[in-house]
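Here the structure is laid out as structure tokens; the discussion comes afterwards.
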Amino acid sequence: MQQMTLTRPDDWHLHVRTGDMLKTVINHTARQFARAIIMPNLQPPVTTVAQALNYQQEIRQATDNAYDFTPLMTLYLTNHTSIKEIKQAAASPFVHAFKLYPAGATTNSNQGVTNLEAMSPVFSAMQEHDIPLLIHGEVTDADIDIFDRERIFIEQKLYPLQQNFPGLRIVLEHVTTEEAVQFVQEMPDTIAATITPQHLMYNRNAILVGGIKPHYYCLPILKRERHRRSLIQAAISGNPKFFLGTDSAPHLSHLKENDCGCAGCYSAYAAIELYAEVFDNENALDKLEGFASFYGADFYKLPRNTAQITLEKTAWQVPAYYPVSTTNQLTPLKAGETLHWQLKG
Ligand code: DOR
Ligand code: ZN
């Protein structure tokens, strides 16, 4: 296939930050996607409907008017999130979910939840008001190996949560393991998952073989090859529980190339093109539209998009970096490499 047209996709997991970084990245997303679920892990985090509306305004102002793009807002769950806030969020047409970061799990998660069990009233209200819970599914115990953190979270935290709140819609974000795929497949339709391009394209060798490669470092961390294969099978299966969420997470290059480098891969510049490459390599381009454009909208109970995009099989070179300011830059995933699909127009 040399060209394909599909319904305009949505990105169901995206970090865009604020200020110069926001201005650098937002039009990369808006050029491809109709909507994106915007992560609330700013410093300070987006915890109220009022803050989410301000943030949405800032995103809209940074977006080129030429694009028809809607940022879908989320709120950051803390130990202090009130039932009132849950009701307000569920009633707001702009806020679409709450994001649960276990405290300490990842970037700007220090104000995240420290004790899941204590959050039952909040989960109960979310279930009642039918607003989805998006989960960064990793335990944070110092004695748990970083490669096991997702699997153990599922066993110890997610399974009981699902049992206690069977009506609560949950997205297990950025799944990285065979165990996560299996869990999502076996659960009722209230449980879904997003899959990132980096977890479909790379295993943990990418970070560690031939020198430490900080631009492949994200959380949850890349896993073994068998896990990558399992994610690919899930993504191309046509199972509507698995849909597109890039987790594109921009950090300035020097903050990743650092003694203590930040976690996150910047993929938004070519997200749909990266997924197209993965699906093409598996001879599964016919499954891309469901994954990228339908299943997420259905899960969030939002209308499917009607506009279309066209991708062309044309080689192009990824820039070495994108300038963010006069002194700072952003290194994209696959910097300097060749991609084989390109969005037309
Ligand atoms: O790699 C990641 N980066 N994982 C996350 O969960 C957060 C994200 C970020 O915000 O940088
Ligand atoms: Zn994320």
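Counting starts at 1 for both ligands and their atoms, in listed order.
Considering backbone and side-chain N/O of N41, one or more are found under 3.5 Å from N/O of ligand 1. Ligand 1 has no N or O atom lying under 3.5 Å from any N or O atom of C218, backbone or side chain.
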request  = Quick one: do D280 and K313 satisfy salt bridge (charged side-chain N to carboxylate O under 4.0 Å, His left out)? Show the steps, please.
outcome  = CA-CA 10 Å; D280 193 12; K313 199 154 191 181; 2.7 Å; yes
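Looking at M39 against ligand 1, nothing comes within 4.0 Å, counting heavy atoms. If you look at R17 next to ligand 1, the close heavy atoms, those under 4.0 Å, all belong to the side chain.
Short contacts between ligand 1 and D247, defined as distances under 4.0 Å to a heavy atom of the residue, involve ligand atoms 4 (N). In summary, the atoms of ligand 1 found under 4.0 Å from a heavy atom of H136, numbered by their order in the structure, are 6 (O).
With salt bridges taken as basic N to acidic carboxylate O contacts below 4.0 Å, none links E138 and R151.
Among residues two or more places apart in sequence or in another chain, the side-chain contact (heavy atoms from CB on, under 4.5 Å) test is passed with Y295 by P240, F243.
Looking from atom 1 (O) of ligand 1 to the surrounding protein, the closest heavy atom is L219 N, 2.8 Å. Nearest protein heavy-atom neighbour of atom 8 (C) of ligand 1: A249 CB, 3.7 Å. The nearest heavy-atom contact from the protein to atom 7 (C) of ligand 1 is T106 OG1, 3.2 Å.
Residue contacts with ligand 1 leave out E173, since none of its heavy atoms falls under 4.0 Å from the ligand.
The residue from H199, R149, E150 that alone fulfils the side-chain hydrogen bond (donor to acceptor under 3.5 Å, both in side chains) condition with T176 is E150. Checking T190, D130, D189 one by one against R169, the side-chain hydrogen bond (donor to acceptor under 3.5 Å, both in side chains) holds for a single residue, D130.
Between the Zn ion (ligand 2) and H174 there is no N/O/S contact shorter than 2.8 Å.
Classified by interplanar angle (parallel below 30°, tilted 30° to 60°, perpendicular above 60°), the ring pair H136/H174 is perpendicular. Between W316 and Y269, the ring-plane angle classifies as perpendicular under the 30° and 60° cut-offs. Taking the six-membered ring for Trp and thresholds of 30 and 60 degrees, Y101 and Y76 have ring planes inclined between 30 and 60 degrees apart.
Comparing T107, I221, N108, L255 by heavy-atom distance to atom 9 (C) of ligand 1, the nearest is T107. Residue A263 holds the heavy atom nearest to atom 3 (N) of ligand 1 of all those in P220, A263, P250.
Heavy atoms only, all atoms of each residue included: V181 and A234 are closest at CG1-CB, 3.9 Å.
Our summary of the site lists the angle at the Zn ion (ligand 2) between OD1 of D247 and NE2 of H13 as 90°, to the nearest 10 degrees.
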